[in-house]
J.: 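Take a look at the following structure, please.
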Amino acid sequence: MTDPQLVLTGILQRAMASALGSEHADADPLIRPSQFADYQANVALSLAKRLRRSPRDVAQSIVDHLDFPGAVEVSGPGFINLTLSDEWITEQTQRLVGDQRGGVGHTDAAQTIVIDYSAPNAAKEMHVGHLRTTIVGDALARTLEFLGHTVIRQNHLGDWGTPFGMLIEHLLDVGEPAAVAQLEAGEGSEFYQAARAKFESDPAFQQRARQRVVTLQSEDPETIRLWHVFMDATIRYFNKIYAMLDVTLTDKDIAGESMYNPMLADTCDELEKAGVARISEGALCVFPPGFTGSDDRPLPLIIRKSDGGYGYATTDLAAIRHRVRDLKADRILYVVGADQSLHFQMVFAAARQAEWLPDSVAAEHVQIGMMLGSDGRRFRTRSGESVKLMDLLNEAVERAAAAISDRGYDEATRDEIAQAVGIGAVKYADLSVSHDSEYIFDFDRMLGLTGNTGPYMQYATARIRSVFRKAGVEPKAAGGPIVLTDPAERALALQLLGFGSVVEHTAKAVEPHRLCAYLFETASAFSVFYEQCPILRSDVPADIRASRLAQCANALTVLETGMALLGVPVPDRM
Ligand code: ARG
């Protein structure tokens, strides 16, 4: 544990326990960065009232019991100002040198974590909202895996249900090769809309579509073959997007709604037998405790409609049972739109009632806020259609290419950089805002070279790499030893020591934006260091140069590792 704030927390808690009594051993000492010291602890102010003592007096007794590697003083109304000694920082920083994990540990409580993410629909409109569930979910998967957890990715594709009747009939009308070409090209929405239009205007087509739902449900071999033709082409398009985004999902992670179809009857039976579900107005429903409608009546989670059909909730109950029982999940994350919050609350409650989801297993809805256009409404094209993901990504890459067109790179290098910058900008923009807030999709802002953007982070990283190119040294060979001679060196060192606990916190709270914020602070601290502390200049003494190169190497490891955990690419140069 090297995070200064955590180290100080422990030290203060021990002092509080011996100064004020053991009941204070776990109290939060409220450590914050300070203008006048490295940190300040504000706990005395909050305890004073309860102890009926003056805050300065409480602060002083804590300080009297403090065993602290640095300087300490009580200031103002009762702040405890803490300044770590250079020796302590030097020693901790030296330990980071050569650690390829940047000080990130391995968890000592490894879990099996199922992450349900991406989950686009093949049969409805494919919308840009799935971009966020994909990117956020993938960053969480990478981060949790890095800490040593076993991550099971589950792509809960919308690949089943009544719309497939009309989709398959439309596929037959269009002809298989033409339909496949259209779906592979990402025109699933158009395909769906054409089918829908016919369904509404052509009674004969509607008749065929309904019949097709029946043959699909009964698993008629030719219908299943056609369904596969449709799905395989659609998945090939999804895979193009995943490849473009460098997302870690593969075909073996696909566990779509269709997979649960054979389990739905049994899911309902088990719930009914256990007394968790009952018939209400012809439908089989669970009424999880605590959920009521506007009329104060218990809110039903319908698992079998009165016509015998199953729905989204049935599938999710089958899925949760499978994830706990067969996949042995300790924790299940659902990275899904915030608008499905009630659905998941009810599904989790029903699963707990059924004892499919024991208290020892956490189920969390990682709510994803909507992506908005510049008009503040749901993101759409100018003509009001949903935006094709591929078009969006291509535009990001084209804009990135235009922005670097004057830098004199040959075409191949330029394409490579543009790809990393364009895609990186989109991904980072998604990750850097808290996942549950809405955000406005804005190319100009996300591609900007200043502020908390992907390109800024990439630039900061590329700049450190270029220091090593100029020095003719491999980062790995920069061993120090660390010496601190300038406040900017000290500030960078302190910042870098916090990486491990930020990664842990990001994983625990499932909040990639915290990692982004930390990396941005790190890049900023590096930037100040870079401006104030010459590294390769000829008048810099050899020991200071060696120390500064070692700090560059530490910063590079932290930034590269952090960006890799986010899944944001970093080009070698920019
Ligand atoms: N396909 C769904 C949608 O687009 C998301 C599925 C999320 N996962 C789940 N287990 N329900 O809204």
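Just follow the structure's listing: the first ligand is 1, and inside any ligand the first atom is 1. Note that these values count all heavy atoms, side chains included, but never hydrogens, waters or copies made by symmetry.
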J.: What are the atoms of ligand 1, with element, lying closer than 4.0 Å to any heavy atom of Gln340?
T.: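 With Gln340 as reference, the close atoms of ligand 1 come out as 3 (C), 12 (O).
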J.: Please identify which atoms of ligand 1 are closer than 4.0 Å to at least one heavy atom of His130.
T.: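 The list of qualifying atoms is 3 (C), 4 (O).
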J.: Compare all side-chain heavy atoms of Arg331 with those of Leu144 and state whether any distance is below 4.5 angstrom.
T.: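 Of all side-chain heavy-atom pairs linking Leu144 with Arg331, at least one is under 4.5 Å.
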J.: Give me the ring orientation class for Phe230 and Phe191: parallel if the planes are under 30° apart, tilted from 30 to 60°, perpendicular past 60°.
T.: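 Plane angle between 30° and 60°, so tilted.
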J.: Tell me, please, which residues at least two apart from Ala319 pass side chain to side chain contact (heavy atoms under 4.5 Å, CB included).
T.: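 Applying side chain to side chain contact (heavy atoms under 4.5 Å, CB included) to Ala319 gives His156, Tyr260, Asp316, Arg323.
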J.: Under the ring pair (Phe, Tyr, Trp, His ring centres under 6.0 Å) rule, what pairs show up with a residue in residues 343-364, not counting sequence neighbours?
T.: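 Passing the test, one end in residues 343-364: Tyr312-His343, Tyr334-Phe344, Tyr334-Phe348, Phe344-Phe348, Phe344-His365.
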J.: Heavy atoms only: which of Asn121, Asp159, Val336, Ile320 lies closest to atom 7 (C) of ligand 1?
T.: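 Nearest option to atom 7 (C) of ligand 1, by heavy atoms: Val336.
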J.: Is ligand 1 under 4.0 Å from a heavy atom in the side chain of Thr315, in the backbone, in both, or in neither?
T.: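 Looking at Thr315 and ligand 1, no heavy atom falls under 4.0 Å.
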J.: Does any N or O of ligand 1 fall below 3.5 Å from an N or O anywhere on Arg323, backbone included?
T.: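 Among all N and O atoms of Arg323, none is under 3.5 Å from an N or O of ligand 1.
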J.: Closest by any non-hydrogen atom to atom 11 (N) of ligand 1: pick that one out of Tyr312, Tyr334, Tyr117, Tyr260.
T.: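 Result: the heavy atom closest to atom 11 (N) of ligand 1 is in Tyr312.
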J.: For atom CZ of Arg325, is the number of surrounding heavy atoms from other residues, nucleotides or ligands below 6.0 Å larger than 12?
T.: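 Counting neighbours around CZ of Arg325, more than 12 heavy atoms of other residues, nucleotides or ligands fall under 6.0 Å, so yes.
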